[in-house]
Amino acid sequence: MAAAFSCPVFLPSTFSYNENRYHGRIKIKINATSSTKVKTLNEIAGAGKGSSSLATSTEIGHLSQEQIRQRIPTKKQLVDPYRQGLIIERGVGYRQTVVVRSYEVGPYKTATLESLLNLFQETALNHVWMSGLLSNGFGATHGMVRNNLIWVVSRMQVQVDHYPIWGEVLEIDTWVGASGKNGMRRDWLIRSQATGITYARATSTWVMMNEKTRRLSKMPEEVRDEISPWFIDKRAINEDVPEKIVKLDDNARYVNSDLKPKRSDLDMNHHVNNVKYVRWMLETIPDKFLESHQLSGIVLEYRRECGSSDRVQSLCQPDEDETLTNGVEQSLLKNMILTPGIMEGNGYLGPLDVKSYGYTHLLQIKGDSKNEEIVRGRTRWRKKLSTLPYSS
């Protein structure tokens with residue numbers, strides 16, 4: 001005789017009413033017997049209108065073991081209960097809910113810039129995952145794989161008003177748009193789920209590279225046809241004139257020549273992941289400055305790849321109007337700025353005594369005859385904040 005049982009299942013839910021957004025859980029009660037087959041959360045979530053299953057039994061027969069284990073969707077998904085992801089922006093944007101983990105924070109219990117960049121990368125990949133376009137590459141579509149193409153980032157800009165704290169629940173929105181004829185722009189917004197305040201925003205430009213020749217490539221029409229329906233004319237950061245980053249030389253004030261990529265620094269495209277470059281840059285900044293300041297913005301211009309056998313040098317130069325003499329900070333009045341948080345009226349950055357300090361960076365490969373640029377960078381810093389943000 002089959003035994004009867006009852007099992008409650010909770011699914012995350014986000015909905016809007018009177019222009020306000022609410023979060024909660026949908027409770028589903030399953031009554032069954034021991035002989036009843038209980039569906040997975042993905043099957044329950046995919047049962048709604050507009051959703052599609054991952055792969056039919058017929059399709060599974062043609063999939064590799066890797067594809068079966070990954071369960072990459074073959075069609076567009078509207079919800080991903082495993083990754084707490086939803087399709088938004090009229091069916092083309094993506095929102096993911098994440099919790100700041102203990103291994104993502106630094107000594108002050110706040111998320112590091114490296115952790116934020118990793119979240120940007122992960123949500124971008126999950127966005128492609130839910131689109132049904134993901135093939136077996138690192139965010140590559142089916143058309144890209146057929147043409148031996150991969151994505152590489154050419155430029156990224158990040159603005160941070162406040163860093164999330166350990167255990168905080170965040171919402172990360174991301175979307176894509178066109179960038180010229182052969183590029184793609186991807187933007188992100190990070191906000192607190194509890195307060196709705198935007199903590200960080202970022203924009204990036206991506207181009208295609210031939211995986212075999214390692215040369216940049218034009219965007220094939222079949223790839224353009226795949227991704228262009230997902231494009232949104234919306235920007236997280238409005239930048240009228242991109243900031244020009246000068247090239248440093250060996251006369252830079254701070255130099256670290258003892259850098260070598262590790263095997264753990266390589267991604268599935270077999271080159272050093274762009275997030276690792278930021279770590280090398282920031283480690284060149286003096287410790288005394290880092291103790292009292294936090295990064296509020298970074299601009300990166302990528303020049304070439306870095307491999308596992310390359311010897312890397314990190315150069316860093318502070319702005320001329322900023323010096324550290326005997327631990328005393330000096331900055332010209334012209335270097336004072338209003339941060340986006342104050343301009344938007346969030347009211348958590350305190351008075352207008354917010355100074356911005358700038359550094360210029362360069363990562364280069366040390367060669368026998370000449371050095372080759374990997375990435376140029378500009379960072380902006382301000383005094384560390386002692387208060388947490390709340391809505392005004």
### Task
Go through the side-chain N and O atoms of T141 and E226 and say whether any donor and acceptor fall under 3.5 Å apart.
yes

### Message
If we ignore hydrogens and angles and just use 3.5 Å, is the side chain of Q77 paired with the main-chain N or O of K75 as donor and acceptor?
### Response
yes

### Task
Find the distance between CG (L189) and CD (E171) and round it off to the nearest 0.5 Å.
11.0 Å

### Query
Using a side-chain heavy atom cutoff under 4.5 Å and only I, L, V, M, F, W and Y, what cluster partners does Y103 have?
none

### Query
Atom OG1 of T203 and atom CG of D187: how far apart are they, to the nearest 0.5 Å?
3.5 Å

### Message
Please check: side-chain N/O of D310 versus main-chain N/O of V312, any donor-acceptor pairing under 3.5 Å?
### Response
no

### Task
Output yes when R382 and D161 qualify as a salt bridge under the 4.0 Å nitrogen-oxygen rule, no when they do not.
no

#### Entry: Contacts of W151 that satisfy ring-ring contact (aromatic ring centres under 6.0 Å, His included) - sequence neighbours left out
none

### Query
Do T110 side-chain atoms and G106 backbone N/O form a donor-acceptor pair below 3.5 Å?
no

### Query
Are W206 and V275 connected, step by step, through hydrophobic side chains (Ile, Leu, Val, Met, Phe, Trp, Tyr) whose heavy atoms are closer than 4.5 Å?
yes

### Message
Around atom CZ of R214, are there more than 12 heavy atoms from other residues, nucleotides or ligands closer than 6.0 Å?
### Response
yes

### Message
Do R303 and E301 have side chains that approach each other closer than 4.5 Å (heavy atoms only, starting at C-beta)?
### Response
yes

### Message
Please determine whether residues V153 and L149 belong to a single hydrophobic cluster, defined as Ile, Leu, Val, Met, Phe, Trp and Tyr linked transitively by side-chain heavy-atom distances below 4.5 Å.
### Response
yes

### Task
Look at the rings of F289 and W381 and say which category their plane angle falls in: under 30° parallel, 30 to 60° tilted, over 60° perpendicular.
perpendicular

### Query
Is there a donor-acceptor contact under 3.5 Å from the side chain of T284 to the main chain of L315?
no

### Message
Between Q96 and G85 (side chain of the first, backbone of the second, donor and acceptor by atom type, cut-off under 3.5 Å), is there such a pair?
### Response
no

### Task
Evaluate the side-chain contact (heavy atoms from CB on, under 4.5 Å) criterion for residues S131 and Y94: first the C-alpha distance (whole Å), next the side-chain angles of each, then the deciding distance (0.1 Å), finally the verdict.
CA-CA 10 Å; S131 72; Y94 178 71; over 6 Å; no

## Note on the structure
In terms of heavy-atom contacts, V100 and I165 come closest through CB-O, 3.4 Å

### Query
Side chains of N118 and E104: donor-acceptor distance under 3.5 Å anywhere?
no

#### Entry: Same apolar cluster: I150 and V375, side chain cutoff 4.5 Å
no

### Message
Does this structure show an ion pair linking D173 with R191, if we count only N-O contacts that are shorter than 4.0 Å?
### Response
yes

## Note on the structure
Rounded to the nearest 0.5 angstrom, the CG-OG1 distance for L282 and T112 is 9.5 Å

### Task
Verify, without hydrogens or angle tests, whether K76 (side chain) and L133 (backbone) share a donor-acceptor contact under 3.5 angstrom.
no

### Task
Show your reasoning for whether side-chain contact (heavy atoms from CB on, under 4.5 Å) applies to Y277 and I374.
CA-CA 9 Å; Y277 298 151; I374 302 174; 3.6 Å; yes

### Message
Walk me through whether V278 and L113 qualify under side-chain contact (heavy atoms from CB on, under 4.5 Å).
### Response
CA-CA 8 Å; V278 175; L113 176 66; 3.7 Å; yes

### Query
Judged by atom type as modelled, is there a donor-acceptor pair below 3.5 Å linking the side chain of Y163 to the main-chain atoms of L295?
yes

### Message
We want to know whether R186 and T174 form a side-chain donor-acceptor pair, criterion being a heavy-atom distance below 3.5 angstrom.
### Response
yes

### Message
Can a side-chain donor-acceptor contact be found between Q313 and N371 if the only test is distance below 3.5 angstrom?
### Response
no

### Message
Parallel, tilted or perpendicular, judged at 30° and 60°: which one describes the rings of Y357 and H293?
### Response
perpendicular

### Query
Are T205 and R185 linked by a side-chain donor-acceptor pair shorter than 3.5 Å?
no

### Task
Examine distances only and state if a side-chain atom of R224 and a backbone atom of K181 form a donor-acceptor pair shorter than 3.5 Å.
yes

### Task
Write down the atom of P261, the atom of C306, and the distance for their closest heavy-atom approach.
CG-SG, 3.8 Å

### Summary
Note: with side-chain heavy atoms under 4.5 Å as the link, the other cluster members for V299 come out as I245

#### Entry: Main-chain N/O of I232 paired to W175 side chain as donor or acceptor, under 3.5 Å
no

### Message
Test side-chain contact (heavy atoms from CB on, under 4.5 Å) on N147 and E222; report intermediate values, then the result.
### Response
CA-CA 10 Å; N147 288 274; E222 67 168 318; 2.8 Å; yes

### Message
Checking the side chain of N256 only, and the main-chain atoms of S314 only, is there a donor and an acceptor separated by less than 3.5 Å?
### Response
no

### Query
If we only count heavy atoms from C-beta on, is the L362 to E373 side-chain gap below 4.5 Å?
yes

### Within 6.0 angstrom of K260 NZ, more than 12 heavy atoms from elsewhere
yes

### Query
Of all heavy-atom pairs between L116 and A111, which one has the smallest distance, and what is that distance?
CD2-CB, 4.3 Å

### Query
Should I72 and W129 count as side-chain neighbours, where that means a heavy-atom distance under 4.5 Å?
yes

### Query
Are L259 and R279 side-chain neighbours, meaning at least one heavy-atom pair lies under 4.5 Å?
no

